[in-house]
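Per chain, numbering begins at 1; letters A, B, ... match sequence-line order. As the structure is a prediction and not an experimental result, all values here were calculated from the model.
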Number of protein chains: 2
Amino acid sequence: MSSEQIAHNIKLFREQNDWTQKELAEKLAVSRSVIAKWENNSVTPDIEALIKLSKVFGITLDHITGNLSFREDLLKDFKRIYSSKSKSFDEEVVELVEYIMIHPTLKEQIYRLKSLPMKKQLSIHQLLSNMIDQYEQI
Amino acid sequence: MSSEQIAHNIKLFREQNDWTQKELAEKLAVSRSVIAKWENNSVTPDIEALIKLSKVFGITLDHITGNLSFREDLLKDFKRIYSSKSKSFDEEVVELVEYIMIHPTLKEQIYRLKSLPMKKQLSIHQLLSNMIDQYEQI
DNA sequence: TCCTCTTGTTCTGTATATGAACATTTTACT
DNA sequence: AGTAAAATGTTCATATACAGAACAAGAGGA
C-alpha cells in the first residue's frame, strides 16, 4: 500500500526542511495532531492536503505518494540501454538522476563539470565533499 | 479547488481511451456508480484510487489532479531539452548516469547532498556553481 | 414501441478524517 | 540528575465522505 510510503515521506520531507509538526500544520492550515497522524499512518491525508504538501515541499505528487510508475519506466529504459552496452547497472543511480532532474541548477553544474579538464573535475569533487562535511556539522 | 479538475480529467482521459464507465470500473475493481460520481464531482476519489487511475491512464498523479504549478521551471526545462536541443532527453540522462557511475566520489557526495535540509541543498548548488565559474576562468 | 446500453442520482451502512484535550517523549538548560 | 518547555503521540466525539445497490433517465437501434 502507498499509505505507508506517504506517511514516511511526509515525515522525511518535513525533517529535511527542518520544520516541526506545528510549523508544517500552520503552513497547511490544519491542526498539528493531524500531521502526527499522517506521519504515523493512522490516517491518510486527502488529495487536497496532499497537493498542499507537494507545494510546500516543492515536489511532485508522485514523489510524495511514492507512485513509482514513472520511476519504473526510467529504470526499464536504463536497463535496456545499459544491457545493450553490456555495462553493469546500479539502481541507486536512478535515485540520483531523479534528484538531478528535479534540480535543474545542479544538473547544469554537472554538465559544466564534465567539460572541465580531469584534474579540475577531481578538485571540485573534493571541494564538494569538504563543503558537505561542513554543512552536515552545522 | 482541484476536485473539479480531477473530475474533469477522469472523464476526459476515459473518453480519450474510448472506455465506458463500466470498463473503467472493471479495470480499477470499483463499482461503476462511483466512476459516475467521480466524474460529476459529487465525490472525490481517494489517493489509492487516484494512483490506480494514473496507472491505467499512463499519466502522472500531478497530471490527473492538475497539480502543474508545483514547479514551472521544471516544465520549462523539459521543454527546452525536448524542443531546442539536438540530443534526445534520454541520451542526456544517460550521459549523466555514465559520468556519475565513473566517479564514485561524486556519486557519494550527491547522496549526502540529498539528505541535507532543503535550504542547505540549495546553498550548495549555488556554491558549486560559483566554484565552477572560477575553474572555468583559470 | 420495446429493448439495450450508458450515464446520473438516491439511499444506507460503513469507514475515515478532523480538532480538542490529554499523555508521553525529547530537548535544553542549570 | 532534575526541571521546564517543546515536540510528538494518542484518545475521543463529531462530522464527513466513501462504496455499492437499487432505481431513474436519456439516447439510439430493431
For DNA chain D, which nucleotides open and close the run of contacts to chain A, 5' to 3', at under 4.0 angstrom from a non-hydrogen atom? dA7(D) to dT11(D)
Need one value for [X]: base, sugar-phosphate or nothing, where a base atom within 4.0 Å counts as base even if backbone is also close, heavy atoms only.
X        : answer
Val43(A) : base
Thr20(A) : sugar-phosphate
Trp19(B) : nothing

Heavy-atom distance under 4.5 Å between the side chains of [X] and [Y], does that happen here?
X         : Y         : answer
Ile132(B) : Leu113(A) : yes
Ile47(B)  : Asp46(A)  : no
Met131(B) : Met131(A) : yes
Val34(A)  : Leu28(A)  : no
Trp19(A)  : Val56(A)  : yes

Checking dA17(C), dG19(C), dT9(C) against the side chain of Lys37(B) (C-beta onward), the nearest is dT9(C)
Give a yes/no on whether any side-chain N or O of Lys11(B) is located under 4.0 angstrom from OP1 or OP2 of dG8(C). yes
Under 4.0 Å between a side-chain N/O of Gln21(B) and OP1 or OP2 of dG8(C), yes or no?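 Result: yes.
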Just say parallel, tilted or perpendicular for the rings of His103(B) and His125(A), cut-offs at 30° and 60°. perpendicular
Do the rings of Phe13(A) and Phe57(A) sit parallel, tilted or perpendicular, given the 30° and 60° boundaries? tilted
Whole-Å gap separating [atom2] ([N]) and [atom1] ([X]):
X        : N       : atom1 : atom2 : result
Glu26(A) : dG19(C) : CD    : C1'   : 15 Å
Trp38(B) : dG8(C)  : CH2   : C1'   : 16 Å
Asn40(A) : dT24(C) : CG    : P     : 16 Å
Ile47(A) : dT16(C) : CD1   : P     : 17 Å
Arg32(B) : dG8(C)  : CZ    : C1'   : 8 Å
Asp18(A) : dT27(C) : CG    : P     : 14 Å

Kindly calculate the angle separating the two end axes of the helix from dT1(C)-dA30(D) to dT30(C)-dA1(D), each obtained from five base pairs, and round it to 10 degrees.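 Taking five pairs per end, the axes differ by 40°.
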Does Lys114(A), at its NZ atom, have more than 12 non-hydrogen atoms belonging to other residues, nucleotides or ligands within less than 6.0 Å?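 For Lys114(A), atom NZ is crowded (more than 12 foreign heavy atoms under 6.0 Å).
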Using 0.5 Å steps for rounding, measure from the CZ atom of Arg14(A) to the CH2 atom of Trp38(A).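 One gets 12.0 Å once the value is rounded to the nearest 0.5 Å.
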